Amino acid sequence: MEYRNWNQKDGTGRSISTSLLGYGCMRFPTLPDGSIDEVRAEKLLNTAREAGVNYFDTAFPYHGGASEPFVGRVIAKWPRESFYLATKLPVWNCKTLDEAKAIFEQQFQRLGVDYIDFYLLHSLHKARYDAAKEMGIVDWLWEQKAAGRIRSFGFSCHDNAAGFEHILRDQPWDFCQLQYNYLDTDDRAEEIAGDRGYALTEERNVPLIIMEPIKGGTLAQLPPDAAAPLRALDPAASAASWALRWVASHKNVKVVLSGMSAEDQLGDNLSTFGQFRPVTDAENAAIHQTADILRSHIRVGCTGCRYCMPCPMGVDIPDNFSIWNKLGMFGQKDAIRQQWTAHFPDAEKASHCVRCGKCEAVCPQHLPIRDSLAKLQTELDSL
Ligand code: SF4
Ligand code: SF4
């Protein structure tokens, strides 16, 4: 297993050394009723740990609140100093500092531990961070660090580079967590800090944990033309391994989280990080070629900036475009159909557009929003 040393101590005076592959505890295998398949999931965790994975990342809301208690039952069987435990405060659920304190205490109960190695404010954007700070949650968590209840304090972020920079520069964070992969490099998008976000972590010397390195699994199943440059270099390597190696080759990346839900994914990831090879220049060029091919399939060049929102008819314009672009880039019709029919709110669909033109007047990309919405509604409905 590949490890990364941090220029930080862990609270007992030892240097922090994390496995480059971290286990994301949000996508465990499930039973038909949707609950965690605990027998299988525990085996996966044990296999990962035996192979050297020492970073386990859960959060209060994962698996509808069941991840923390389950992880707590598993880690109770392991020596406490043999692994790092990360969890996160759902700041959107906290209207007062007292509510945050109550959730924090509940997390210790659920996890059955008396300290948490890596504690994060979960899923921040600028407004959410400012509100948490205003409530005193940030100061109070630094006090928890001083008291030894948490050992490293950081945050995960879903904002663009400007929002991320605002949060990053505001505190002497021990670490931070970002979505970063070879397709999410554009920092103009609504929720992506991209290359600029990564560069900021280097500049500020704040160690970085990576989430969504495979973009929720989409980079694990590439269409044939996008996969071709990678296959030409190594026909046996999985698409996921290229995405993981690309992000893990960045020098400030300390952990790459993967939410492994099956034995074959775990096996593939363990082999990627068991004999880790940073990407070479030729491999990097091939990965960029793959990204360019994927981007060439984009149906509409929406950056997700949301300047066009709100639409008076309730249409979520960037979300409609995002799902349409995903169809263009990856195919994966079954998954997109499921997302469109079962998860995308009907009230926000393109069909409600009355062609008033308000959105097109402000779109910095000058996109033909009205015509594109009409086309996407027809195409997604016909899947
Ligand atoms: S043109 Fe359609 S999508 Fe744009 S603001 Fe008007 S109703 Fe909303
Ligand atoms: S449609 Fe234009 S304004 Fe709206 S999110 Fe996309 S790029 Fe931004």
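Both counts, for ligands and for their atoms, begin at 1 and track the order of listing. Please read these numbers as outputs of a predicted model, since none were measured by experiment.
Counting only distances under 2.8 Å, and ignoring water, the protein N, O or S atoms around atom 2 (Fe) of ligand 2 are C363 SG.
Only the backbone of R355 comes within contact range of ligand 1, with a heavy atom under 4.0 Å; no side-chain atom does.
Protein heavy atom at the shortest distance from atom 3 (S) of ligand 1 is L373 CD1, 3.5 Å. When hydrogens are left out, the protein atom nearest atom 7 (S) of ligand 1 is V354 N, 3.4 Å; that is the closest non-hydrogen contact. Here the protein heavy atom with the shortest distance to atom 6 (Fe) of ligand 1 is C356 SG, 2.3 Å. Nearest protein heavy-atom neighbour of atom 2 (Fe) of ligand 1: C353 SG, 2.4 Å. Here the protein heavy atom with the shortest distance to atom 1 (S) of ligand 1 is G357 N, 3.2 Å. C311 SG, 2.4 Å is the protein heavy atom nearest to atom 8 (Fe) of ligand 1. The shortest contact between atom 5 (S) of ligand 2 and any protein heavy atom is with R306 N, 3.1 Å.
Judged by distance alone, the side chain of T185 and the main-chain N or O of N181 form no donor-acceptor pair under 3.5 Å. Using modelled atom types, one side-chain atom of Q332 and one backbone atom of Q221 make a donor-acceptor pair closer than 3.5 Å.
Under the salt bridge (charged side-chain N to carboxylate O under 4.0 Å, His left out) criterion, D234 pairs with no residue at all, not counting sequence neighbours. Applying the side chain to side chain contact (heavy atoms under 4.5 Å, CB included) rule to P318 yields the partners C302, R306, C308, M309, D316; only residues at least two apart in sequence or on another chain are considered.
Between W246 and H250, the two ring planes are perpendicular [angle over 60°; tilted spans 30° to 60°]. Ring pair F155/F164 is tilted by interplanar angle, where 30° to 60° counts as tilted.
Note: the hydrophobic cluster containing V255 does not contain V71 (ILVMFWY, side chain heavy atoms under 4.5 Å, direct or indirect links).
Applying the 4.0 Å criterion to heavy atoms of R370 picks out, from ligand 1, the atoms 1 (S). When each atom of ligand 1 is checked for a heavy atom of P312 under 4.0 Å away, the hits are 5 (S). Atoms of ligand 1 lying under 4.0 Å from any heavy atom of M313, numbered from 1 in the order shown and given with element: 7 (S).
Both tests pass for K349 against the ring of W340: distance under 6.0 Å to the centre and angle within 45° of the axis.
F104 has its ring centre less than 6.0 Å from the ring centre of W140. For Y55 and Y23, the ring centers are positioned 6.0 Å apart or more.
Side-chain contacts under 4.5 Å among hydrophobic residues (ILVMFWY), followed directly or transitively, place V39 with no other residue at all.
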